[in-house]
Each structure stands twice: as structure tokens, then as C-alpha cells.
Amino acid sequence: MLNADVRLALEKLILPEYGRNIQKMVNHIKTIEDREERNKAARTVIGVMGNLNPHLRDVPDFQHKLWDQLFIIADFNLDVDSPYPMPSKE
């Protein structure tokens, strides 16, 4: 049986353009019990995602796109106060 570190290393990236560290951060956010801290962490990850992809700043409503991508990375299982509605899984 594979240990947890090896399984995580082999885990498929949902949005590969953001890399494994962003996916790990999003997975960590899902474990934070305090809603205020979870929201703060989500906003921080959104900022990092924006810095990793500065070309998105040219896309209309790029913040909305970043939040959508955050929910996609979280497999639509993230309870945070987003300024935008969670996109549908379809």
C-alpha cells in the first residue's frame, strides 16, 4: 500500500496550470474549521492564483474567473463566502 505522501504526489492535478502547491493549499482550506480563517485563506489563495497568472488581469471579470477556478480545484466542495455564486459542476 502506498503511504499518504506518495498518494498525494500521484494525485491528478485538477487544473495543472496552477500546480500541485495551489491544489495542496485548496485541500488545506477545506480542513480549516473556523469559517473566518477559511475565508481569509481562500482570499489569500485567490491572490496567489492571480499572481501566478497575470494574463488573467486582461480577461473581463478576472476575479470571478479566479473564484470559479478555486471552486473547480476544490471539486465544488468548499464552504467559503465568495463574492460570486459557486459555478455548477456541469
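- A 4.5 Å side-chain heavy-atom check between L78 and M86 finds every atom pair outside the cut-off.
- Put simply, CG on D81 and NZ on K40 are 15.0 Å apart, with the number rounded to the nearest 0.5 Å.
- For the pair L52/M49, no side-chain contact is recorded, criterion being any heavy-atom separation below 4.5 Å from C-beta on.
- Atom CD of E17 is surrounded by more than 12 heavy atoms from other residues, nucleotides or ligands within 6.0 Å.
- Counting heavy atoms from C-beta on, the side chains of Y18 and V26 never come closer than 4.5 Å.
- Between A42 and L70, the closest heavy-atom pair is CB-CD2, 4.1 Å.
- Closest approach of G50 to L66, counting heavy atoms only: CA-CD1, 3.8 Å.
- The closest side-chain heavy-atom distance from T31 to H28 is below 4.5 Å.
- By the 4.5 Å heavy-atom criterion applied to side chains, M25 and I22 are counted as neighbours.
- In terms of modelled atom types and a separation under 3.5 Å, the side chain of R38 and the main chain of K30 share no donor-acceptor contact.
- Under a hydrophobic-cluster definition in which Ile, Leu, Val, Met, Phe, Trp and Tyr are linked whenever side-chain heavy atoms come within less than 4.5 Å, directly or via other members, Y84 and V48 are assigned to the same cluster.
- Between atom CD1 of residue I29 and atom OG1 of residue T44 there is a gap of 8.0 Å, rounded to the nearest 0.5 Å.
- Formation of a donor-acceptor pair under 3.5 Å by the Q63 side chain with backbone atoms of I46 is not found in this model.
- Considering every non-hydrogen atom in both I72 and I14, the closest pair reads O-CG2, 3.5 Å.
- A heavy-atom distance below 4.5 Å is found between the side chains of F76 and P87.
- By the 4.0 Å N-to-carboxylate-O rule, D75 lies close enough to K89 to be salt-bridged with it.
- To the nearest 0.5 angstrom, N53 atom CG is 9.5 Å from K65 atom NZ.
- Cluster membership check: F71 shares its hydrophobic cluster with F62, using side-chain heavy-atom separations under 4.5 Å among Ile, Leu, Val, Met, Phe, Trp and Tyr.
- Atom CG of L13 is separated from atom CZ of R20 by 4.0 Å, given to the nearest 0.5 angstrom.
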